[in-house]
Amino acid sequence: MSMGQDVRYRVHGGRPLQGTVFIQGAKNAVLPMIGASLMAAKGRTVLRNVPIIEDVRRAVELARAIGAKAELHEAERTLVIDASTLSSPVLPADIASRFRGSFLFVPALLHRLGEAVIEGVGGCNLGSRNLDFHYNGFKRMGATVTEQIADNGDGIIHIKAGDLRGGTLYCDTPSHTGTENLIMAAALAQGTTLIKNAALEPEVLDNIEILQRMGARISGGGTGFITVEGVDELNGIEHTVMPDRIDAGVFVMAAAITGGELSLVGASLEHLGVAADKLEQMGVEFHQQGAVLQVRRERPLRPINVITDEYPGFATDLQSPIMALSCFADGPSYIYERIFDGRFKLAEELTKMGADIEVNGNRAKVNGPNVLRGAEVEAHDLRCGSALVLAGLAAEGLTTITSAYYLDRGHAHTAERLSQLGADIVREAD
Ligand SMILES: CC(=O)N[C@H]1[C@@H](OP(=O)(O)OP(=O)(O)OC[C@H]2O[C@@H](n3ccc(=O)[nH]c3=O)[C@H](O)[C@@H]2O)O[C@H](CO)[C@@H](O)[C@@H]1O
Ligand SMILES: C=C(OP(=O)(O)O)C(=O)O
């Protein structure tokens, strides 16, 4: 399967969205949970509220490639994993290089098979995406990391675990998957581990929760300092994946960009962090009613300043969507991308639709308001894809989004969910 040439979305813009939408389970929570479930040598793990997205399908394929039994029951949104049969330490390039979450399988391989061979790591191309915090942490715990160049020129990373020992570890900056990988490596290591400058994202905390319920001894989640006391084994359990705050943020913006009113089932205002405040400043009205978040926009959108940051700062994964939204705001908006050094490819796609955006390094100025017109545009990465869907919902005429495999990596049933709210959107796959 090619990396995204085969899926398109066609959107006819101009319809305000109304109704109730179900927020999917979190991509960035379920992927580490699949990695965690592979650490259980006995029993079966049952994950509920699993988002039916391409990254989860790839994770299931990868789990099977290394010998686990994994069954994704799509209608039930339930994934059952039996990792007792884990047998191969090789994360093959054809699957592993298609999603970032593949690297979250490494701790299980180190503990269960004593080594991990990484033929490739994928994920959206957002500029440099290093893994040094992970490698340095594994090394401090006693692993050896070597790189070999394959015949085709690709690097293959070989990590040999030996007996992993607890120690003092750190992230230079609070890496999301870095924190999860070090926690998982420490969970079955000998002795005590301290991880400094740990990530605070809600998905990291949900992953700590599943690991604790599997038998891990972890404290300090959400403080920046995490302590892990190694245990001898982890057990399969049942866990419900938290809702996806980025999916929720995109639907908030879908209401805002079309001038509609939506009830988001499962969305949490708290999980949106600073993004909730920025959207409120732009003119979105929120009413949290228990586990349902109601959103609407009545007045014209105001421009905004956004600085992306680790949680609870403005999530970088909502940066592209808010760039699309700010094209419609009444004045210039300023966006400063601090997490990734190459996450502005969206700007040229929005320009094809009539937007006026100046990009300078990691800063962008969006000169709203502009009338966007439908065009043929390309989803260079997942959130570029969600932003282009938003732009298409509010543009005049037909927007065709190509390379939309990237969108399907992270959002489930996009066309169906938006159509139910009154949007005119279809998905086409070759
Ligand atoms: C599967 C998953 O959970 N993906 C999310 C995760 O990606 P991911 O975990 O890859 O993102 P990180 O938090 O690790 O990366 C943030 C920044 O730190 C740098 N860095 C990271 C690790 C490292 O060892 N060395 C290093 O320099 C990266 O290059 C990047 O500039 O968090 C990102 C930031 O919230 C989100 O956009 C992704 O959706
Ligand atoms: C960057 C993202 O994901 P990944 O880390 O899986 O590439 C994302 O979800 O926008």
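First listed ligand is number 1; within each ligand, the first listed atom is number 1.
- Looking only at heavy atoms of the protein, atom 25 (N) of ligand 1 is closest to D132 OD1, 2.7 Å.
- For atom 39 (O) of ligand 1, the closest non-hydrogen atom of the protein is D317 OD2, 2.7 Å.
- Under 3.5 Å, the side chains of N28 and H176 contain no donor-acceptor pair of N or O atoms.
- Of the protein's non-hydrogen atoms, the one nearest atom 14 (O) of ligand 1 is S175 OG, 2.6 Å.
- Of all the atoms in ligand 2, the ones that sit under 4.0 Å from a non-hydrogen atom of R100 are 4 (P), 5 (O), 6 (O), 7 (O).
- Interface of R409 with ligand 2, defined as ligand atoms under 4.0 Å from a residue heavy atom, comprises 3 (O), 4 (P), 6 (O), 7 (O).
- Contact annotation: K27 has at least one heavy atom less than 4.0 Å from an atom of ligand 2.
- Residue contacts with ligand 2, taken as heavy atom pairs separated by less than 4.0 Å, involve R343 solely via side-chain atoms from C-beta onward.
- In this structure, the protein non-hydrogen atom closest to atom 2 (C) of ligand 1 is N28 OD1, 3.2 Å.
- Protein heavy atom in closest approach to atom 23 (C) of ligand 1: N130 O, 3.0 Å.
- Checked against D55 for a salt bridge (charged side-chain N to carboxylate O under 4.0 Å, His left out), the options R98, R409, R100 give a single hit: R409.
- In this structure, F103 has its ring center closer than 6.0 angstrom to the ring center of Y135.
- T400 and R8 form no side-chain donor-acceptor contact under 3.5 Å, judged by distance and modelled atom types alone.
- Between R343 and D317 there is a salt bridge, with a side-chain nitrogen of the basic residue lying less than 4.0 Å from a carboxylate oxygen of the acidic one.
- Of the polar atoms of D317, at least one N or O is found under 3.5 Å from an N or O of ligand 2, judged by distance alone.
- Regarding atom 5 (O) of ligand 2, its nearest protein heavy-atom neighbour is R129 NH2, 2.7 Å.
- An N or O contact shorter than 3.5 Å is missing between N28 and ligand 2 by distance.
- Under 4.0 Å is where a charged nitrogen must lie from a carboxylate oxygen, and between R338 and D309 at least one such pair does.
- T308 and E337 share a donor-acceptor pair across their side chains, judged by distance under 3.5 Å alone.
- Counting protein heavy atoms only, atom 34 (C) of ligand 1 is closest to T316 CG2, 3.8 Å.
- Among F340, F99, F103, F133, the residue whose heavy atom sits closest to atom 26 (C) of ligand 1 is F133.
- Note on E203 versus R245: salt bridge recorded, some NZ/NE/NH1/NH2 to OD/OE distance being below 4.0 Å.
- Regarding atom 6 (C) of ligand 1, its nearest protein heavy-atom neighbour is H176 CB, 3.7 Å.
- A salt bridge between E71 and R64 is present, with a side-chain N of the basic residue lying under 4.0 Å from a carboxylate O of the acidic one.
- Listed by number with element, the atoms of ligand 1 under 4.0 angstrom from any heavy atom of H134 are 24 (O).
- Scanning the protein heavy atoms around atom 18 (O) of ligand 1, the nearest turns out to be T173 OG1, 3.9 Å.
- At a heavy-atom cutoff of 4.0 Å, ligand 1 is contacted by both the backbone and the side chain of I339.
- In this structure, a donor-acceptor pair under 3.5 Å is absent between the side chains of T173 and E310.
- A donor-acceptor contact closer than 3.5 angstrom is absent between the side chains of Q148 and H158.
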